[in-house]
Each structure stands twice: as structure tokens, then as C-alpha cells.
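These notes concern the structure reproduced below.
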There are 2 protein chains.
Amino acid sequence: MADVTLREVARACGCSIATVSRVLAGTRPVGAETARRVREAADALGYRPNHAARALRGHRTGTVGLVLPQITNPFYPALVRELTHALHADGRAVLLADCDDDPAAEAEYVADLLGRRVDALLVIPVDEERSRDAVAAAAARVPLVLMDRGCGPGVADSVAVDNASGMALVLGHLAATGRRRVCFLGAAGTASAAAERRGAYAAGVGALDPGAPERVALGDFSVEWGRAAVDEVWPARPDALVCANDLIAIGALQRLQQLGVAVPGEVAVTGFDDIPMAALSSPGVTTVRQPVPELAAEAARLLGLRLSGDDTGPRRSIRLAPELVVRESSARGRTAIPAPAPAGRGESAPVT
Amino acid sequence: MADVTLREVARACGCSIATVSRVLAGTRPVGAETARRVREAADALGYRPNHAARALRGHRTGTVGLVLPQITNPFYPALVRELTHALHADGRAVLLADCDDDPAAEAEYVADLLGRRVDALLVIPVDEERSRDAVAAAAARVPLVLMDRGCGPGVADSVAVDNASGMALVLGHLAATGRRRVCFLGAAGTASAAAERRGAYAAGVGALDPGAPERVALGDFSVEWGRAAVDEVWPARPDALVCANDLIAIGALQRLQQLGVAVPGEVAVTGFDDIPMAALSSPGVTTVRQPVPELAAEAARLLGLRLSGDDTGPRRSIRLAPELVVRESSARGRTAIPAPAPAGRGESAPVT
DNA sequence: AAGTCTTCGGAGAACGTTTTCCCGAGCCAC
DNA sequence: GTGGCTCGGGAAAACGTTCTCCGAAGACTT
């Protein structure tokens with residue numbers, strides 16, 4: 001039953017291998033009657049093309065490599081989901097590699113995937129700088145699209161959220177709800193998400209409280225840092241904590257709760273990304289929702305373009321606008337005790 | 001630079017293609033001097049074997065398919081991570097397919113992966129029954145290991161947590177901390193995790209409060225159900241809610257907080273799985289930690305066994321014992337107001 | 001009516017490996 | 001010295017496609 005080849009189909013329907021291939025692949029028109037016989041025989045035998053042979057002959061495997069820093073980073077599962085769906089819809093399969101945040105492992109996986117003859121690569125680089133060589137080398141061999149994080153200018157096509165406008169949404173919201181003494185809990189380092197969010201905050205915060213000293217604490221994108229950062233900045237008694245991502249925000253919320261600080265009463269807290277936890281924590285975290293399905297679709301589109309058309313155009317860098325999701329952590333008004341959450345807490349309407 | 005073939009290496013070092021293949025693959029001993037020359041030439045040219053050709057010739061692709069219901073289910077990322085690492089360590093690549101909880105899509109992906117000639121399949125079935133045909137058909141063609149959820153008896157090898165002993169740990173802990181009026185918030189359906197946890201609860205709860213009516217509410221494995229379930233069972237004023245997984249527990253916590261019920265003061269709440277959110281919610285959720293790295297290692301080992309040895313042994317079903325992780329949601333004692341969380345909240349020591 | 005063009009179909013090369021078969025040389029035991 | 005061995009190495013056959021050539025036969029042009 002298994003492993004029916006073109007030859008067997010050809011023998012069964014009394015014509016040549018070439019003809020069968022043509023009918024099944026639709027490469028060239030074939031006589032109606034012959035085509036019918038071929039299709040019938042193929043169906044009857046349960047013919048399944050052999051992808052290995054096809055890859056060897058055609059120099060394309062119908063396979064795309066997806067390389068990411070850590071699948072356990074709660075922002076990635078949704079992205080992976082959308083990416084695999086988009087790519088499968090184009091008939092491509094996805095080879096997954098998790099680098100464990102290690103640039104060396106990343107380079108190794110990229111090389112392995114190239115050896116397996118992936119048609120293209122989707123890469124979320126581990127590090128802006130230390131990933132550059134491997135990414136650039138790979139981009140020279142196959143179409144490559146960077147996602148989420150950058151990797152130096154002009155290295156490859158890239159798709160990411162517009163961090164600057166996301167941060168602007170947050171600052172606008174805080175201004176509109178009367179917050180003035182704002183403080184930024186961010187991430188150090190050169191990773192583009194960290195740097196862009198930091199920069200956009202610095203650029204926009206002046207409008208809230210002109211002349212105020214800049215209150216910024218930098219660590220990494222983790223819950224632990226969020227907890228620690230609160231201790232660093234709370235003495236200045238800010239009325240809003242703008243966090244560079246949701247994990248930091250969740251850590252901050254935990255520490256504030258330990259300290260007995262009312263959120264959003266005494267201080268508002270905002271995040272970035274809208275990971276699932278942001279909606280489920282209490283209070284729910286006001287955050288910037290990345291347009292994950294659109295990001296994935298755009299990346300898949302770019303890949304398809306490079307794969308089918310001429311692969312010679314200039315590098316494209318696509319930025320998609322995010323939307324603000326307001327939850328309880330930044331609600332207006334001051335109450336001494338955390339108010340019971342409203343009924344529809346998980347489904348707060350996004351605000352653009 | 002790209003696409004150096006055996007032929008070119010052979011020409012460069014003045015011997016035959018066969019010899020080069022033998023040296024590089026180590027298939028047969030080759031003269032020391034010749035081997036050195038071959039290796040030198042291969043290095044100099046940057047030879048990379050063509051996996052497609054190798055697959056065509058050798059009938060094995062070095063590739064494993066990983067099929068799961070929903071990568072966005074927060075329990076899976078950690079599992080995927082460990083699985084990919086384990087498989088990559090064996091030199092295999094992982095083709096990922098996300099079924100979106102749809103058995104039809106699952107069947108399609110499995111067929112596609114088989115067409116791509118994966119050497120083996122790792123499947124977390126969507127549904128105990130509706131996945132069975134596709135899984136059984138696939139298991140007849142390649143080694144297949146089921147994970148996390150079952151799929152009927154004897155269909156394939158399987159690796160999963162021991163749900164019964166996990167539930168026993170929970171009940172033992174509640175008994176030890178003086179809880180008596182226990183209530184189960186579970187999931188309906190035939191999925192093995194749902195049924196086993198349900199069954200183990202029913203079997204063990206009698207010891208806590210002999211003769212009490214069985215208080216059980218069944219829905220699905222979601223936060224929404226957790227919220228709704230509380231309304232269903234709270235009128236009976238239980239002093240502990242045993243949830244079939246962490247999502248249900250988190251939903252229950254949210255609703256209890258809305259109702260102003262003190263946790264763990266008035267009622268304890270426990271989950272199952274130990275997803276990242278369980279440690280981060282407040283209060284932290286007491287739960288049963290699945291031994292994820294060990295589950296992955298076991299699955300990889302089973303796969304390797306089937307792939308290298310004779311594939312004829314009986315179906316193996318492996319169950320690994322979980323461990324209890326006690327957090328604030330089930331702390332002993334009754335307080336009217338939720339106590340501020342202790343400092344080391346995220347790192348509560350697991351208790352066996 | 002002879003040439004040219006299209007249409008349908010087959011033979012066979014190529015893709016890059018692995019592996020089987022074969023050959024020659026050197027060695028040992030009789 | 002002859003038969004058998006091992007050892008190092010090459011030629012060539014697969015693996016299952018796709019695709020380029022070719023040929024035959026009919027339809028059209030002139």
C-alpha cells in the first residue's frame with residue numbers, strides 16, 4: 001500500500017512516467033482521455049509524490065526554517081501559530097529551531113537548516129549584534145525575513161511592530177488619564193525592541209511633565225527585573241510605571257502588591273506585547289497589542305515574494321501599527337483599595 | 001561557494017566519488033593518506049551533504065514531525081522546547097504542525113508530513129476518539145509516539161504524566177492542611193487527561209470526607225470555565241477547589257476575587273500542569289508539576305529505539321510521576337484578608 | 001500537395017547520494 | 001606456485017522525480 005511511485009502508476013495506466021508526471025503536476029497539457037486514465041490509476045493506487053526526489057530534482061524542498069530565541073517566551077507561541085498557518089496555507093512545511101537564547105546555537109541551527117535545503121528562513125534573532133554574521137551569511141544563500149527584532153541595517157527583509165507608535169499610544173493614554181510623574185522600566189542592551197521602546201519613551205515623555213528629570217531603570221525583559229525595578233524607582237513616588245514589556249509589568253505589579261501600593265489607585269502600570277498573561281493577571285495589564293496575525297501574514301507574503309519573483313529587490317523593512325488595550329492597571333481615578341474588577345475584565349475593548 | 005557536491009570534492013582530491021562518500025560517512029575503512037586528502041579537500045571547498053539526495057537514496061530524512069493541538073496552549077511551549085532540543089541532539093530536525101484543535105486539520109497535517117517522508121511522528125492528539133483513525137494509520141507507516149493525551153489503547157507508544165498520582169498528591173496535601181469540603185472543577189469529554197484526573201479525584205476524595213456528596217462541575221480546560229464553575233459550586237461553600245488544570249484554577253481565582261472570597265483563607269485552590277502563569281498569578285497557584293524535560297527525553301528515547309532497533313516490540317505506555325508545588329493558593333490557616341505574599345513567592349520549593 | 005506548426009506522448013538524462021559489485025595488489029598457508 | 005584471503009579503491013546502479021529532447025500525426029498555410 002505504501003510508497004507507490006510514478007513508475008507503478010504509469011504501468012497501471014499503460015503510459016509513460018513522463019506523462020503521469022505531467023498530468024499530476026499539470027506541467028503541460030495532456031490529452032483528456034489519457035489524463036483521466038492517469039488520475040484514476042493514481043487515485044486507485046493511492047499515489048503520493050516523494051518530496052525527497054522532487055527536492056533533489058527541483059532544487060526546492062517546500063520547506064521553511066523558523067529560528068527563534070526561546071519558544072517559552074510567552075510572546076512567541078501566538079506568532080509561531082500564525083506563521084505556521086500562513087506558511088502551510090502556501091503549501092510549505094516549517095522546520096522549527098529553538099536556540100535557547102544562545103547565538104552560537106542559533107548559528108548552528110541556521111547552518112543545519114541551510115544544509116537541509118530549506119527554501120527560506122524566518123529568523124527572530126537572539127541578539128542584534130551577535131546574530132548578525134550568521135544571519136547575513138544565511139541571507140546571502142536563501143530568502144530570509146527577520147521578525148520582531150532587528151539585526152543591523154540592510155541585512156535582510158524585516159517585519160516588526162512599530163515600537164515607537166506603540167509607546168506613543170501608551171504615553172497619550174497616560175496623559176489623557178491625568179498621570180504626570182511617569183517612570184520607565186525598560187531593558188538595557190542593543191536589541192531593537194529594547195532600544196526603540198526606550199527611545200520612543202524618552203522622546204515622548206517630555207510632553208507629560210516638561211522639565212522633570214528623566215526617571216528610567218534598565219534591566220532585562222523579565223518578571224524578576226520588573227520586581228526589582230520597582231524597588232529602584234518607587235522612592236520617587238511616580239504615578240505611572242511604563243514597562244517595556246508585559247513580563248516587566250507583571251513583575252512590577254507583584255512587587256507593588258507586596259508593598260501594599262494600590263494599582264491603579266496610587267500608580268498606573270502599563271506593559272507591551274499583550275501576552276496572554278496580561279489579560280489574566282489582576283489587575284489586568286493595560287498594554288500595547290502587537291498585530292500578531294498581520295505580522296505573520298506580512299512575513300509570509302514577503303517570503304513568498306522573494307521565493308517566486310526575482311529575489312533582487314532592495315531590502316524591505318515593514319513596520320505595523322499596534323493598538324492600545326486598556327485594562328484595569330491604568331484605570332482613571334484614585335482608590336485606596338483595589339476595586340473589584342469589572343465583570344468583562346478579560347475582554348476589554350481595544351482602543352485605538 | 002555554495003552547493004559543493006561529492007563529485008567536485010572527488011575531482012579536487014583525485015579520487016572517486018565512492019571513496020569520498022565512504023570517508024565522509026565513515027561507512028567503510030579507507031586508507032589513512034587518502035582519507036586525509038579527502039577531508040582536506042572537503043573542508044577547503046566547504047562541502048555540505050545534500051539531505052535531499054541522501055533522503056532519496058537512503059529512505060530516511062533525518063526529520064521528525066511534531067503535531068500538536070495548539071501551540072498557544074500554555075503548557076506546550078515548554079514541551080516543544082524540550083522535544084526539539086532532545087531531537088536535535090540526535091541530529092534530527094523537527095517539522096512543526098499546529099492543528100488549531102481541529103481533528104480534520106490534524107489528519108491533513110499528518111498525511112502531509114508522511115508525504116514529506118518524516119522518519120517518525122510525535123503527536124499530541126486533539127481528541128481521544130476523533131484523532132484515532134489518522135493516528136493509527138500513521139502509526140502503521142512510521143514509528144509514532146503519543147504525548148500528553150492518549151488515543152485509545154494500543155494505538156501507539158505513549159508518554160504522559162501519571163495523572164492519577166498527581167491528583168493523589170493534591171488530595172493528600174489538602175487533607176494534610178485540614179481541608180475537608182472539597183470540590184472538583186474539571187473538564188468533560190473523553191480526552192485522557194480530563195478523564196484520568198476526574199477518575200483519580202473521584203477515587204481519592206472519599207478519604208477526605210467520607211459519605212459526603214460528590215461535588216463536581218465539568219466544563220473544559222479554560223479560564224472562562226474556571227470563572228463560570230465557581231458560580232456553579234460556590235453556593236455549597238467548599239473549603240477547597242481542586243481544578244483539573246491551571247487555567248481553570250486561574251479562572252476560579254479571578255472569580256473568587258471578584259466575589260471577595262479570601263484565598264487561601266476561606267477556600268484553597270489547586271491546579272495541574274504548572275504552567276508559567278501558575279507561579280505568577282497572585283496568589284500563586286498550588287499545582288502539580290509535570291516533569292516536562294523527562295517526558296520529552298522519554299519520548300525521544302522511545303522514538304530513537306523504534307528508529308534504530310527493530311520496530312516490532314509491543315506498544316509501550318510510559319507514565320512519569322509528577323511533583324506537587326505548593327504555593328500561596330493552598331496555604332494553611334484562615335485569614336479574612338489575603339495575606340501579603342511572602343518574599344520568595346516565585347520559587348516555592350517543590351514538595352514530593 | 002509540399003512544407004510548417006501545433007499537439008500528444010515517449011525515451012532518457014539529470015539531480016547527489018549510498019551501496020553493491022568488481023578488480024588488482026599484497027599476503028598467507030598449503 | 002596456486003588458491004584463498006583481506007584491503008584499498010573505482011564503476012555504476014539505484015532512489016523517484018522533472019524536464020529536455022525527439023518523433024509521429026494531424027492541421028494549417030501557401
Side-chain angles (χ1 to χ4, degrees), chain A residues 1-42 45-63 91 93 114-119 141, chain B residues 1-42 45-63 91 112 114-119 141:
Chain A
M1 185 62 68
D3 274 30
V4 183
T5 74
L6 277 189
R7 170 156 52 222
E8 303 179 44
V9 176
R11 196 143 43 88
C13 72
C15 60
S16 78
I17 296 180
T19 304
V20 178
S21 170
R22 287 198 269 255
V23 171
L24 266 32
T27 322
R28 239 182 54 179
V30 165
E33 168 61 13
T34 319
R36 197 190 53 74
R37 279 214 325 277
V38 167
R39 256 184 276 272
E40 221 164 62
L45 293 169
Y47 170 76
R48 294 259 155 206
N50 182 323
H51 283 247
R54 194 175 287 191
L56 177 56
R57 177 60 225 239
H59 298 284
R60 46 187 18 250
T61 54
T63 286
L114 286 178
R116 288 181 191 275
R117 299 302 197 272
V118 291
D119 293 340
R141 315 239 294 125
Chain B
M1 185 63 68
D3 274 33
V4 183
T5 74
L6 276 189
R7 174 163 38 226
E8 305 178 43
V9 176
R11 195 144 41 90
C13 71
C15 60
S16 78
I17 296 180
T19 304
V20 177
S21 170
R22 287 197 269 255
V23 171
L24 266 31
T27 322
R28 241 184 51 180
V30 165
E33 167 61 13
T34 318
R36 195 189 54 74
R37 277 214 327 276
V38 168
R39 255 185 279 272
E40 221 164 62
L45 293 170
Y47 169 76
R48 295 257 155 209
N50 182 321
H51 283 248
R54 193 176 289 194
L56 177 57
R57 173 61 223 233
H59 299 285
R60 43 176 36 238
T61 54
T63 285
D112 178 64
L114 286 177
R116 298 190 121 89
R117 299 304 198 272
V118 292
D119 293 341
R141 315 238 293 126

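The figures that follow rest on heavy atoms only: side chains count, while hydrogens, waters and symmetry mates do not. Chain letters run A, B, ... following the sequence lines, proteins first, then strands; residues in each count from 1. Computed from a predicted model, the values in this text were never measured in an experiment.
Nearest heavy-atom pair across B:A10 and B:I17 is CB-N, 3.8 Å. In plain terms, the two heavy atoms of B:Y47 and B:V4 that are nearest each other are CD1-O, 3.2 Å. Heavy atoms only, all atoms of each residue included: B:V9 and B:L45 are closest at CA-CD1, 3.9 Å.
Side-chain nitrogen and oxygen atoms of B:S16 include at least one within less than 4.0 Å of the OP1 or OP2 phosphate oxygen of D:dG10.
A distance of 12.0 Å separates CG in A:D119 from NE2 in A:H59, rounded to the nearest 0.5 Å. Separating the CZ atom in A:R48 from the CG atom in A:D3 is a distance of 12.0 Å, to the nearest 0.5 Å. To the nearest 0.5 Å, atom CG of residue A:N50 and atom CG of residue B:L56 are 6.0 Å apart. To the nearest 0.5 angstrom, A:H51 atom NE2 is 12.5 Å from A:R60 atom CZ. To the nearest 0.5 Å, the span separating OG1 on B:T34 from CZ on B:R22 amounts to 11.0 Å.
If you check every strand for non-hydrogen atoms under 4.0 Å, A:S21 touches a base. Heavy atoms of A:R7 sit under 4.0 angstrom from primed sugar atoms or phosphate atoms, though from no base atom.
Residue A:I17 contributes atom CD1, which lies 12 Å from atom C1' of D:dC15 at whole-angstrom precision. Atom CG of B:L6 is separated from atom P of D:dC15 by 19 Å (rounded to the nearest Å). For B:R22 and D:dG10, the CZ to C1' distance is 8 Å, given to the nearest whole Å. Following rounding to the nearest Å, A:D3 (CG) and D:dA14 (C1') show an atom-to-atom distance of 15 Å. Rounded to whole Å, atom C1' of D:dC19 lies 9 Å from atom CZ of A:R28.
Salt bridge present: B:E33 and B:R36 bring a charged side-chain N and a carboxylate O closer than 4.0 Å.
At least one donor-acceptor pair under 3.5 Å links the side chain of A:R37 to the backbone N or O of A:C13. Listed for the A:R116 side chain is a donor-acceptor partner under 3.5 Å among the backbone atoms of B:G62.
Residues from residues 31-42 of chain B that place a heavy atom under 4.0 Å from any atom of DNA chain D, listed by number: B:G31, B:T34. Looking at residues 48-60 of chain B, you'll see B:L56, B:R57, B:H59 sit with a heavy atom under 4.0 Å from some atom of DNA chain D.
Interface limits on DNA chain C: the 5'-most and 3'-most nucleotides within less than 4.0 Å of chain B heavy atoms are C:dC15 to C:dC21.
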